[in-house]
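To keep things clear, I will list the structure first and then write my remarks on it.
Computed over heavy atoms, backbone and side chain alike; hydrogens, waters and symmetry mates excluded. Order of listing sets the numbers, starting from 1, for every ligand and every atom in it.
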Amino acid sequence: MARHILITGGNSGIGREMAATLAADGDQVIIASRDLARSQAAAETIRQAHGDVAIQAMALDLGDLDDVDRFAARIREQIPALDVLILNAGLYTHGTRALDNGLETMIGVMHFGHFRLTQQLQSCLASAENARVVVTSSVAHKIGRIRPATFDQPNRHWMALQAYAQAKLANLLFTRELARRVGDSGITANCFHPGAVATGIWAELPRPVRKLLGNTFIDSKRGADTGIWLARAPEAAAFQGEYVVDRQPVASSRAGADMALAARLWQETERRLAVLTAH
Ligand SMILES: NC(=O)c1ccc[n+]([C@@H]2O[C@H](COP(=O)([O-])OP(=O)(O)OC[C@H]3O[C@@H](n4cnc5c(N)ncnc54)[C@H](OP(=O)(O)O)[C@@H]3O)[C@@H](O)[C@H]2O)c1
């Protein structure tokens with residue numbers, strides 16, 4: 001039977017590759033990003049390449065918590081049982097920027113937006129048989145530190161790379177704590193590092209750094225491989241709370257394996273979300 005799969009950030013880069021492969025496999029895929037026209041164009045390209053596949057584009061801004069709630073309500077109505085939730089959307093902003101809700105942009109979109117979306121889709125995941133949550137983290141988590149004081153304090157002197165790394169560490173810790181919380185309910189949660197992938201996400205990296213990395217980038221197809229594998233491989237069903245690279249669970253940084261930190265981040269995120277969404 002076709003599985004229902006939701007991919008955030010599915011209109012370009014790694015997410016788009018995951019969407020194309022999973023839709024071509026016969027799954028019913030929804031891609032959700034801010035730019036609806038770009039998502040519709042991506043869906044159309046995938047349809048043209050793979051025939052009459054089931055792929056739908058929807059608008060979602062993870063940086064706007066009200067929009068996340070509205071989007072989740074539509075999903076709950078449309079798909080009572082969600083088999084795979086791929087939390088992939090992301091961005092790198094050079095020079096720290098803030099969202100309208102006051103959160104620093106990268107932690108606000110990649111961690112808070114995805115956390116809220118997962119909370120809101122819990123019933124859909126619970127209704128599916130053995131639902132999988134797959135999170136696109138990054139090796140950049142290794143240079144990240146969780147500093148709640150910086151969550152809502154954009155600071156010109158604060159390096160963008162540190163903010164990105166903190167958000168990717170938060171993705172990893174969220175995955176670990178979610179996995180612990182769902183336990184043996186049938187739901188699994190795992191995250192992966194896709195490799196250094198040539199996508200639009202690095203447009204704001206300073207030019208010399210981009211040049212330095214240029215030769216080492218892999219293409220999106222390769223970058224998407226482990227995420228696709230986590231979403232569909234029977235072997236991956238046994239994984240819970242893992243950080244996966246090239247289809248293998250690997251060690252993360254010490255902070256990335258710190259379950260006390262994961263629990264504190266979860267509580268802090270819930271506390272802030274309660275305030276940010278209280279209206
Ligand atoms: N490329 C790499 O080397 C690399 C390495 C490690 C991890 N990653 C991770 O891989 C994921 C995908 O990135 P990518 O490299 O494929 O970059 P990409 O091509 O720029 O894709 C990013 C996606 O996120 C969406 N997005 C950004 N802000 C959003 C928001 N506020 N709400 C909803 N969607 C939003 C974008 O669509 P819209 O602009 O339409 O919203 C786009 O579809 C990210 O989580 C990134 O951190 C990438």
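- When heavy-atom distances to ligand 1 are checked against a 4.0 Å cut-off, Arg16 has no atom that comes that close, whether in backbone or side chain.
- Using a 30° and 60° split on the angle between ring planes, Phe151 and His111 fall in the tilted class, from 30° to 60°.
- If you number the atoms of ligand 1 from 1 as listed, the ones under 4.0 Å from a heavy atom of Thr136 come out as 9 (C), 10 (O), 11 (C), 45 (O).
- Close contacts of ligand 1 with Lys168, meaning ligand atoms under 4.0 Å from a residue heavy atom, involve 44 (C), 45 (O), 46 (C), 47 (O).
- Proximity annotation for atom 42 (C) of ligand 1: of Asn11, Thr8, Thr199, Asn11 comes nearest, heavy atoms only.
- At the top of the distance list for atom 39 (O) of ligand 1, counting protein heavy atoms only, stands Arg34 NH2, 2.9 Å.
- With distances taken over non-hydrogen atoms, the option nearest atom 4 (C) of ligand 1 out of Ser138, Gly195, Gly223 is Gly195.
- Nearest non-hydrogen protein atom to atom 32 (N) of ligand 1 is Leu62 N, 2.9 Å.
- With ligand atoms numbered from 1 in the order given, ligand 1 contributes 30 (C), 31 (N), 32 (N) to contacts under 4.0 Å with heavy atoms of Asp61.
- Contacts with ligand 1 closer than 4.0 Å are made by side-chain heavy atoms of Trp202 only, the backbone lying farther away.
- Atoms of ligand 1 found under 4.0 Å from any heavy atom of Gly63, numbered from 1 in the order shown, are 31 (N).
- Of the N and O atoms on the side chains of Gln78 and Gln56, at least one donor lies less than 3.5 Å from an acceptor on the other residue.
- Distances from atom 20 (O) of ligand 1 to the heavy atoms of Leu91, Leu60, Ile201, Thr216 put Ile201 nearest.
- Counting the atoms of ligand 1 from 1 in the order shown, those under 4.0 Å from a heavy atom of Arg38 are 37 (O), 38 (P), 39 (O), 40 (O).
- Polar contact check, His193 against ligand 1: no nitrogen or oxygen pair lies under 3.5 Å apart.
- Summary of contacts: the protein heavy atom closest to atom 19 (O) of ligand 1 is Ser12 OG, 2.8 Å.
- Applying the side chain to side chain contact (heavy atoms under 4.5 Å, CB included) test to Ser220 and every residue at least two apart in sequence or in another chain returns Glu17, Val197, Thr199.
- Ligand 1 places these atoms under 4.0 Å from at least one heavy atom of Pro194: 5 (C), 6 (C), 7 (C), 8 (N).
- Looking at Asp83 and Arg132, no side-chain N of the basic residue comes within less than 4.0 Å of a carboxylate O on the acidic one, giving no salt bridge.
- For Tyr92, the closest heavy-atom approach to ligand 1 does not fall below 4.0 Å.
- A side-chain donor-acceptor contact under 3.5 Å links Thr150 and Gln166.
- The pair Arg3-Asp27 counts as a salt bridge, with a side-chain nitrogen and a carboxylate oxygen less than 4.0 angstrom apart.
- Close approach of ligand 1 to Ala89 (heavy-atom distance below 4.0 Å) involves ligand atoms 24 (O), 25 (C), 26 (N), 34 (N), 35 (C), 45 (O).
- Between the side chains of Arg176 and Ser252, at least one donor N or O lies within less than 3.5 Å of an accepting N or O.
- Close N/O approach between Ala196 and ligand 1 is not found [any backbone or side-chain N/O within under 3.5 Å].
- With respect to atom 47 (O) of ligand 1, the closest heavy atom belonging to the protein is Tyr164 OH, 2.7 Å.
- Classification of Arg247 and Asp225 as a salt-bridged pair holds, one side-chain N sitting under 4.0 Å from a carboxylate O.
- Distances from atom 22 (C) of ligand 1 to the heavy atoms of Gly90, Ala42, Gly13 show the closest one on Gly90.
- Defined by atom type and a distance below 3.5 Å, a donor-acceptor pair is missing between the side-chain atoms of His114 and Asn88.
- Of the protein's heavy atoms, Gly9 CA, 3.7 Å lies nearest to atom 25 (C) of ligand 1.
- Qualifying side chain to side chain contact (heavy atoms under 4.5 Å, CB included) partners for Ala238, counting only residues two or more places apart in sequence or in other chains: none.
- When atom types are taken as modelled, the side chain of Asn11 and the backbone of Arg38 share no donor-acceptor pair closer than 3.5 angstrom.
- Between Ser137 and ligand 1 there is a heavy-atom distance shorter than 4.0 Å.
- Within the 3.5 Å criterion, the main-chain N or O of Ser138 finds a donor-acceptor partner in the side chain of His141.
- Taking the six-membered ring wherever Trp is involved, the centroid distance between the rings of Trp229 and Phe192 does not fall below 6.0 Å.
- Atom 48 (C) of ligand 1 has Ile14 CD1, 3.8 Å as its closest protein atom, hydrogens excluded (heavy atom only).
- Salt-bridge check for Arg70 with Asp67: passed, with a basic side-chain N closer than 4.0 Å to an acidic carboxylate O.
- A salt bridge links Arg181 with Glu177: the closest approach of a Lys/Arg side-chain nitrogen to an acidic carboxylate oxygen falls below 4.0 angstrom.
- At the top of the distance list for atom 44 (C) of ligand 1, counting protein heavy atoms only, stands Asn88 O, 3.1 Å.
- Some N or O of Val197 is nearer than 3.5 Å to an N or O of ligand 1, by distance alone.
- Proximity to Asp35 (heavy-atom distance under 4.0 Å) selects the following atoms of ligand 1: 40 (O).
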